[in-house]
Amino acid sequence: MPRPLFATIHTAALSNNLAIARRFAPKSKIWAVVKANAYGHGLERVFTGLHSADGFGLLDLEEAVKLRELGWSGPILLLEGGGRLTDIEIIDRYSLATTVHCDEQLRMLEVARLSRPVNIQLKMNSGMNRLGYAAGKYYAAWKRARACSGIGQITLMTHFSNAEGEGGIQHQLEIFEHSANSIVGARSLSNSAATLWHPHSHFDWVRPGIMLYGASPSGILGAIQGLGLKPAMTLSSKLIAVQTVEPGEGVGYGSIFRAQQRMRIGIVACGYADGYPRCAPEGTPILVDGVRTRVVGRVSMDMLTVDLSLCPSASIGSLVELWGSNIPIDDVAVVCGTVGYELMCALAQRVPVRTE
Ligand SMILES: *Cc1c(COP(=O)(O)O)cnc(C)c1O
């Protein structure tokens with residue numbers, strides 16, 4: 001019998017979430033961000049649900065080529081740009097747009113032999129301090145890019161570090177506006193959080209990622225409640241065994257959970273080798289036989305253990321939802337000290353995936 005664990009990707013949820021992004025930014029075009037294999041969902045699996053996007057943003061050249069092979073002829077943007085001259089050949093061959101965040105990348109486009117000009121997003125470091133030209137050097141970089149015959153359209157771009165939090169975007173927005181003030185050209189600034197919560201940052205293109213997958217940019221589920229976003233992934237399994245333990249008996253490695261009274265424990269076919277976080281503490285929510293209950297004991301490689309006190313009718317074969325529409329991925333993430341992004345990206349290769 002194969003393991004009952006599988007993930008389901010919901011095409012209708014992806015389309016729904018893209019439509020919500022459009023409703024929030026009605027005047028902007030949308031780069032659907034599908035980096036990291038579409039946040040773990042699988043590029044080819046999300047393509048149908050997201051094909052009405054105006055473009056796709058990602059990092060890997062291989063993923064960009066895969067999108068072309070799936071039949072996408074519209075814009076594709078490399079969010080970090082290329083690092084080698086051979087990257088430029090692929091950028092040229094597959095008509096990719098690329099980010100330029102430093103002189104080395106600009107230089108590559110200046111010396112490359114291209115069959116047609118490459119569209120770029122010229123990135124300003126407005127305060128994130130990862131990638132991009134310093135505000136004071138931005139105008140000079142833009143002038144240099146404009147003088148380069150290998151460069152076509154130049155979109156002005158920056159990325160926010162606190163769009164989902166209290167810091168907000170105002171400070172970065174002011175730096176960007178000030179330094180790009182005299183430059184005419186399309187602008188692209190907003191991730192999901194800015195798309196949802198900072199309408200004055202929308203401009204010509206927005207770049208939502210996490211919201212398309214139905215999870216929260218802040219890692220706090222409450223933040224997206226009521227917006228109508230739907231989870232694009234369900235991780236499901238079944239109980240493969242049930243144990244009855246006596247008071248004082250331990251469960252799993254390290255016996256970190258001990259029963260206080262006689263109770264039933266369900267064994268779920270899902271562990272950290274499947275991408276479920278090993279750090280999930282006692283009390284992590286999980287749905288068993290339609291009932292929200294809790295993980296108890298240490299998550300092991302291929303299994304985890306759950307409290308069946310609230311699930312009297314649960315038995316071998318009972319359905320389990322690790323995350324999905326009943327157990328928001330953000331609820332699991334938050335007790336693990338992380339965000340939904342990390343959990344979905346960590347879904348292991350060995351987990352079979354279905355699309356519906
Ligand atoms: C990942 C990424 C996004 C999308 O961010 P979300 O928080 O998932 O919406 C947008 N822009 C850039 C440059 C990114 O790297």
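Small disclaimer: the values here were computed from a predicted structure and weren't measured. Atom set for the values below is all heavy atoms of this structure, side chains included, hydrogens, waters and symmetry mates excluded.
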Validation row: [X], [Y] side chains within 4.5 angstrom (heavy atoms):
{"X": "Ile151", "Y": "Val118", "value": "no"}
{"X": "Asp92", "Y": "Arg116", "value": "yes"}
{"X": "Pro285", "Y": "Trp323", "value": "no"}
{"X": "His200", "Y": "Ile169", "value": "yes"}
{"X": "Asn17", "Y": "Leu50", "value": "no"}
{"X": "Asn37", "Y": "Glu63", "value": "yes"}
{"X": "Leu78", "Y": "Leu61", "value": "yes"}
{"X": "His159", "Y": "Arg130", "value": "yes"}

With a sphere of 6.0 Å drawn around [atom1] of [X], does it hold more than 12 non-hydrogen atoms of other residues, nucleotides or ligands?
{"X": "Arg262", "atom1": "CZ", "result": "no"}
{"X": "Glu62", "atom1": "CD", "result": "no"}
{"X": "Arg68", "atom1": "CZ", "result": "yes"}
{"X": "Gln153", "atom1": "CD", "result": "no"}
{"X": "Arg292", "atom1": "CZ", "result": "yes"}
{"X": "Glu246", "atom1": "CD", "result": "yes"}

For this session: Step by step, work out the side chain to side chain donor-acceptor pair (under 3.5 Å) result for Ser188 and Arg207.
Result: CA-CA 7 Å; Ser188 170; Arg207 306 188 306 268; 2.9 Å; yes
Problem set entry | side-chain contact (heavy atoms from CB on, under 4.5 Å) assessment of Glu104 paired with Leu106 | CA-CA 5 Å; Glu104 288 74 9; Leu106 206 45; over 6 Å; no
Please report the interatomic distance [atom1]([X]) to [atom2]([Y]), rounded to the nearest 0.5 Å.
{"X": "Asn125", "Y": "Ser179", "atom1": "CG", "atom2": "OG", "value": "10.5 Å"}
{"X": "Arg278", "Y": "Tyr253", "atom1": "CZ", "atom2": "OH", "value": "10.0 Å"}
{"X": "Arg22", "Y": "Lys29", "atom1": "CZ", "atom2": "NZ", "value": "10.0 Å"}
{"X": "Lys238", "Y": "Cys270", "atom1": "NZ", "atom2": "SG", "value": "14.5 Å"}
{"X": "Leu58", "Y": "Leu67", "atom1": "CG", "atom2": "CG", "value": "5.5 Å"}
{"X": "Asn16", "Y": "Leu212", "atom1": "CG", "atom2": "CG", "value": "10.5 Å"}

Without swapping roles, check the side chain of [X] against the backbone of [Y] for a donor-acceptor pair under 3.5 Å.
{"X": "Glu321", "Y": "Asn326", "value": "yes"}
{"X": "Ser15", "Y": "Thr11", "value": "yes"}
{"X": "Arg187", "Y": "Ser201", "value": "no"}
{"X": "Asp54", "Y": "Trp31", "value": "no"}
{"X": "Ser192", "Y": "Met211", "value": "yes"}
{"X": "Arg45", "Y": "Thr8", "value": "no"}
{"X": "Arg264", "Y": "Pro312", "value": "yes"}

Between [Y] and [X], does any NZ, NE, NH1 or NH2 come within less than 4.0 Å of an OD or OE carboxylate oxygen?
{"X": "Asp103", "Y": "Lys137", "value": "no"}
{"X": "Asp204", "Y": "Lys27", "value": "no"}
{"X": "Arg258", "Y": "Glu249", "value": "no"}
{"X": "Lys35", "Y": "Glu80", "value": "no"}

Exercise. Is it the case that Glu356 and His10 place a side-chain donor and acceptor less than 3.5 Å from each other?
Worked result: yes
For this session: Examine the side chains of Asp289 and Ser313 and answer whether a donor and an acceptor come within less than 3.5 Å of each other.
Result: yes
Any link between [X] and [Y] through a network of hydrophobic side chains (Ile, Leu, Val, Met, Phe, Trp, Tyr) touching at under 4.5 Å?
{"X": "Phe6", "Y": "Val353", "result": "no"}
{"X": "Val268", "Y": "Val351", "result": "yes"}
{"X": "Tyr272", "Y": "Val335", "result": "no"}
{"X": "Ile9", "Y": "Leu70", "result": "yes"}
{"X": "Phe176", "Y": "Val184", "result": "no"}

Heavy-atom pair with the smallest gap, counting every atom of [X] and [Y]:
{"X": "Ala163", "Y": "Trp197", "result": "O-CE3, 4.2 Å"}
{"X": "Ala215", "Y": "Ile329", "result": "CB-CG2, 3.9 Å"}
{"X": "Leu79", "Y": "Thr99", "result": "O-OG1, 3.2 Å"}
{"X": "Leu239", "Y": "Ala314", "result": "CD1-CB, 4.0 Å"}
{"X": "Ala280", "Y": "Tyr276", "result": "CB-CE2, 3.7 Å"}
{"X": "Ser216", "Y": "Tyr341", "result": "O-CE1, 4.0 Å"}

Exercise. What's the verdict on ring-ring contact (aromatic ring centres under 6.0 Å, His included) for Phe56 and Trp72, showing C-alpha distance, side-chain angles and the deciding distance?
Worked result: CA-CA 9 Å; Phe56 288 94; Trp72 177 253; 4.8 Å; yes
Problem set entry | side chain to side chain donor-acceptor pair (under 3.5 Å) between Ser126 and Gln172, intermediate numbers included | CA-CA 5 Å; Ser126 58; Gln172 280 185 266; 2.9 Å; yes
For this session: Show the numbers, then the answer: is there a side chain to side chain donor-acceptor pair (under 3.5 Å) between Thr234 and Ser236?
Result: CA-CA 6 Å; Thr234 300; Ser236 332; 5.6 Å; no
For this session: Assess whether side-chain contact (heavy atoms from CB on, under 4.5 Å) is satisfied between Leu189 and Leu173, documenting all intermediate values.
Result: CA-CA 9 Å; Leu189 282 70; Leu173 190 58; 3.5 Å; yes
Exercise. With a 6.0 Å cut-off on ring centres, are His41 and Tyr213 close enough?
Worked result: yes
Exercise. Going through the checks in order, is the side-chain contact (heavy atoms from CB on, under 4.5 Å) test met by Phe203 and Leu156?
Worked result: CA-CA 10 Å; Phe203 295 100; Leu156 316 182; over 6 Å; no
